[in-house]
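This is a predicted model, so every value here is computed, not measured. Throughout, protein chains are lettered first and strands after them, A, B, ... in sequence-line order, and every chain is numbered starting at 1.
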Amino acid sequence: MTGYEGADLAIALINVILLGLLFVVAIAIARMRSLFAIVMLSGIYSLISATWFVALDAVDVAFTEAAVGAGISTALLLGAMLLTSRTAKPEKRSTAIVPLLVVIAVGCMLVYATIDLPAFGDPDSPANTYVGTAYIERTPQDIGVPNIVTAVLASYRGFDTLGEVGVVFAAALAVILLLGFGERSLSATIGRKDKGGRG
Amino acid sequence: MSEILNVIMTIKPILGALLCLIGAGLAVIGTVGVLRFPDFYTRLHAASVTDTGAATIAIVGMALLAPSWLIVFKLAAIWLFLFLTGPTGSHALANAAHTAGLQPVIGRQRDRAGESDSEEAS
Amino acid sequence: MIGAAAIALIVAIALMLIRALRGPTLYDRVLAVNSLGTKIVLFIGILGFVLGRPDFLDIAVLYALINFVSTIAILKFFRYRSFQVPLMRRTVARQTQPEGDDV
Amino acid sequence: MGYFLGLIVVLGALWLGLSGMFKPLLLTLSVISILISILLAARLNTVDREGVPYARTPNLFLYWGWLVIEIFKANWPVIRACVSADLDINPALVKVKTRCESDLAKTIFANSITLTPGTVTVEVEGDKLLVHALFEESATPDAFTEMDERSWRAADGRQAGKTTQVKA
């Protein structure tokens, strides 16, 4: 009696419920007009999807989703909200049809693409036959870091990661300059506050 | 002596799972409170049941299930973080609401559950 | 039994989602996000035990910290309408008048 | 200097507890990360008596033990209010006076009030705290005196007279 038996049913149920919650949150985000509520809900969305990644054994993706989705992107979206109004413009029903069609088309394409994916846990899949196994076998001798993802990112593909870090740094710099977290925003906000304070 | 140890070792996982279940039940109760209470400040109290009681009981239950001391240490770290950051977060929340001028509902409440008396503050 | 605990926590998360969707004030929403974060920390911990891999607790630790930081960031934003003003204004206030800290 | 040493010990314990690895390469990396953390803390000027209160650790742990029991006792009425059929609550705002002086002691007292279900500190001004309580009858000023006394003893205690307080 370790408490682990019957886990399969529980995990299946958990996956279904988490996906259902994600669906509900996505619908709510699409329907809401208050931008603040949308920012909060997108934070909740990334929290729940990170939990779902944990349930799917993708721990590293869950780490990233938690740090970026729930942490930084909430702050950035709030900063962006400073520069705009507080509510979204209501959409006409006729124009809302086009995004719906696009979403349905992309969804159909994705479902079609999943047919070509190898089965879950297939030993002959590309991920398990080529360079992946080599990394798993050689990392303990080559580098000695317990986390293989870290070894791949920081050593085997070190230059690739360096370039990525450069791109991300440039992007972060651009976002910060655009949102103006520095002194320029200070004078701007104080000036705006003096004109008409919102409650 | 070893018999007592045996009994403890068989009881431990059951007790741990039971405590986890109790903690989860407390979390549900706290959430029900958050849904039912009439205004923001009272909801804060209901949420603090989850932050303290449910978290502590569930973490103790998980510690009883843990296979190694490393896990117990991590659980202790989580508990410490929750206990240090939880009240700071709720105080910041209450303080921000109070500073913004959100008035609390004062006085005895009976059968007013369906009545929502606050409007969008933004 | 521990699977049942995980399901119960998911039910709690779903109920808290209702509060986040309904509002009505923005503080209710922040409270819902914060409380949801605490529940998700517990849920990830229990999920690790359900899956038989308690090493997932690292993510729970990360969540406990991120949850706090994001709550504080949101509230700071709502009190001062910016992430930068409070620090700056306080230093300005100190230089001009030692008593003045009206925020 | 002692504060830095305490911080290093705690950070090292945290690192070992979270990783559980003892290979030389990883230990070197841990030392580097701890040094970076210390440097950042020093730059932020947070390494002082209140940022690193390890000298009074036993006091704080005693207080913490008492507080956990108190929290569990306070959980019952709130849980009952959550599930009872008719909503039987009586929220109120009360003012509480504290004898705590240092920021650390005040923080501990206010956070203890917030941690206890049924009461939340809304505002701290000088030595007065504005507290929102779920039940007015349980939030009389006497209800907080023991907690006040204990948190004062845990954080300020005997040294309150000796050290001069630096208000941040």
_If we ignore hydrogens and angles and just use 3.5 Å, is the side chain of H91(B) paired with the main-chain N or O of T121(D) as donor and acceptor?_
yes
Compare every heavy atom of [Y] with every heavy atom of [X], then report the nearest pair and how far apart it is.
{"X": "S19(D)", "Y": "L70(B)", "value": "O-CD2, 3.9 Å"}
{"X": "A94(B)", "Y": "V122(D)", "value": "O-CG1, 3.9 Å"}
{"X": "L80(B)", "Y": "W64(D)", "value": "CD1-CH2, 2.9 Å"}

*Please look at L130(D) and chain B and tell me whether the side chain, the backbone, both or neither of the residue comes under 4.5 angstrom of a heavy atom of that chain.*
side chain
*asked:* Report which part of S112(D) has an atom under 4.5 Å of a heavy atom belonging to chain B: side chain, backbone, both, or neither.
replied: neither
*Determine the option with the most heavy-atom pairs under 4.5 angstrom with chain D, choosing from T42(B), V32(B), V34(B).*
T42(B)
*If you round to the nearest 0.5 Å, how far is CG of L44(B) from OG1 of T114(D)?*
8.5 Å
_How long is the straight-line distance from OG1 of T107(D) back to CG of L84(B), given to the nearest 0.5 Å?_
11.5 Å
*Quick one: what part of T56(B) sits under 4.5 Å from any heavy atom of chain D, side chain, backbone, both or neither?*
side chain
_Contact origin within L26(B) toward chain D - heavy atom pairs under 4.5 Å_ = side chain
*Using a 4.5 Å cut-off on heavy atoms from C-beta on, say whether the side chain of F37(B) contacts that of L134(D).*
yes
*Are there residues of residues 69-82 of chain D that reach to under 4.5 Å of chain B by heavy atoms, and which ones?*
I71(D), F72(D), N75(D), V78(D), I79(D), A81(D), C82(D)
_Between L67(D) and F83(B), does the side chain to side chain contact (heavy atoms under 4.5 Å, CB included) criterion hold? Intermediate values first, please._
CA-CA 11 Å; L67(D) 183 67; F83(B) 256 58; 5.7 Å; no
_Trace of the side chain to side chain contact (heavy atoms under 4.5 Å, CB included) decision for V120(D) with Y41(B)_ = CA-CA 8 Å; V120(D) 170; Y41(B) 294 95; over 6 Å; no
*Does the pair H132(D) and H98(B) meet the rule for a ring pair (Phe, Tyr, Trp, His ring centres under 6.0 Å), with working shown?*
CA-CA 10 Å; H132(D) 184 272; H98(B) 187 255; 9.7 Å; no
